[in-house]
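All remarks here apply to the structure that follows.
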Amino acid sequence: MTARIIDGRAIAAVIRAECADRTRRFEERTGIRPGLAVILVGHDPASAVYVRNKVRACEAAGIHSFTHRLHEKVENEELLNLITRLNADPSVHGILVQLPLPAHIDMARILETIAPSKDVDGFHLYNVGALVTGNTVFSPCTPYGVVKLLEHEGIPVEGQNVVVVGASNIVGKPMALMLMARDATVAICHAKARDLAQFTIGADILVVAAGVPGLITAPMVKKGAVVIDVGINRLEDGKIVGDVDFAGVSRRASHITPVPGGVGPMTVTMLLVNTIESAERFYAAQRTAS
Ligand code: NAP
């Protein structure tokens with residue numbers, strides 16, 4: 001068996017074109033242009049690249065982006081004040097703080113200062129609780145992107161055995177919740193899981209987000225499984241790889257995402273979707289109030 005490669009770039013391009021159209025129609029109807037504020041603290045090169053990609057994607061989709069670059073020694077209070085100002089700014093519908101933050105910054109406090117209605121990353125505790133209880137406000141962008149990839153490929157989730165490798169707050173846990181909400185039977189594995197293969201071999205859909213190159217090899221994958229590789233790892237030679245042995249697993253799986261070009265392009269795309277959604281809700285709430 002040779003797996004069908006799920007082309008995240010192509011699917012992202014389709015959704016981004018839909019976003020541009022949706023933004024244009026929304027602005028024509030309401031005079032409001034969706035706006036995203038991006039806060040970058042310090043000079044981490046990878047973070048700078050991520051922010052640049054987000055800003056470019058916003059521009060292409062007709063979304064206004066406001067980038068706030070802060071010194072790496074910025075005080076917590078200054079950052080909190082900026083977020084408070086952005087919470088009150090009617091031209092800003094989404095606020096994103098690029099992670100990771102320098103160690104002296106109280107990340108939990110920062111994320112909880114963002115108004116839940118503008119928390120387009122979905123990291124605020126209120127939004128995490130909303131996701132858990134099935135009252136989602138914003139789906140976190142990376143797992144949301146995975147769900148959209150599965151939808152676009154016509155891969156059913158209901159009743160499927162899903163294994164998520166990785167249990168972080170930004171990928172693994174929300175991924176498991178989102179697939180459980182779509183009636184999959186979900187197991188989550190983490191670094192202390194004993195005999196990882198015992199779990200992965202039973203997965204109809206295997207989502208891997210551990211940050212460990214080569215973690216998943218062909219014998220760990222059920223024949224015909226759908227394999228989604230969220231991992232992004234830079235090897236010493238500069239090559240970017242996922243967590244899955246792509247060549248080996250491609251011979252067992254029915255579908256597989258490449259790295260790069262799989263989940264990666266979907267993450268920024270879902271940020272655009274969440275920002276437009278937020279602007280539409282803002283307008284609807286204004287109309288109801290008036
Ligand atoms: P993270 O916060 O470091 O979490 C990694 C998770 O994987 C943890 O739950 C950890 O377990 C688990 N893990 C580590 N080694 C493992 C092993 N040998 N076996 C099983 N589980 C293991 O990372 P993250 O932010 O979730 O990101 C994960 C990967 O996805 C990274 O490569 C990251 O670059 C990538 N990523 C990609 C995108 C995208 O857009 N494609 C977005 C976000 C992240 P413990 O909980 O026990 O420590």
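Read the numbers this way: they start at 1 and go in the same order the structure lists the ligands and their atoms.
Without hydrogens or angle criteria, D229 side chain to T257 main chain gives no donor-acceptor distance under 3.5 Å. Without hydrogens or angle criteria, R182 side chain to M178 main chain gives a donor-acceptor distance under 3.5 Å.
A cation-pi arrangement is present between R281 and F138, with the terminal nitrogen or guanidinium carbon under 6.0 Å from the aromatic centre and inside a 45° cone about the axis.
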Distances only, to 0.1 Å: what are the N or O pairs between ligand 1 and the protein that fall under 3.5 Å?
unit_1	atom_1	unit_2	atom_2	d
ligand 1	9 (O)	A167	N	2.7
ligand 1	11 (O)	A191	N	3.0
ligand 1	21 (N)	H190	O	3.4
ligand 1	21 (N)	A191	N	3.3
ligand 1	26 (O)	S168	OG	2.5
ligand 1	32 (O)	I232	N	3.0
ligand 1	32 (O)	I232	O	3.3
ligand 1	34 (O)	I232	O	3.3
ligand 1	40 (O)	T267	OG1	2.7
ligand 1	41 (N)	V230	O	3.4
ligand 1	47 (O)	A191	N	3.1

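Here the shortest heavy-atom pairing between A210 and L215 reads CB-CD2, 3.6 Å.
Taking the charged nitrogens against the carboxylate oxygens, E28 and R24 do have a contact shorter than 4.0 Å, which makes a salt bridge.
Here the two rings, on H64 and F66, have centers that are under 6.0 Å apart.
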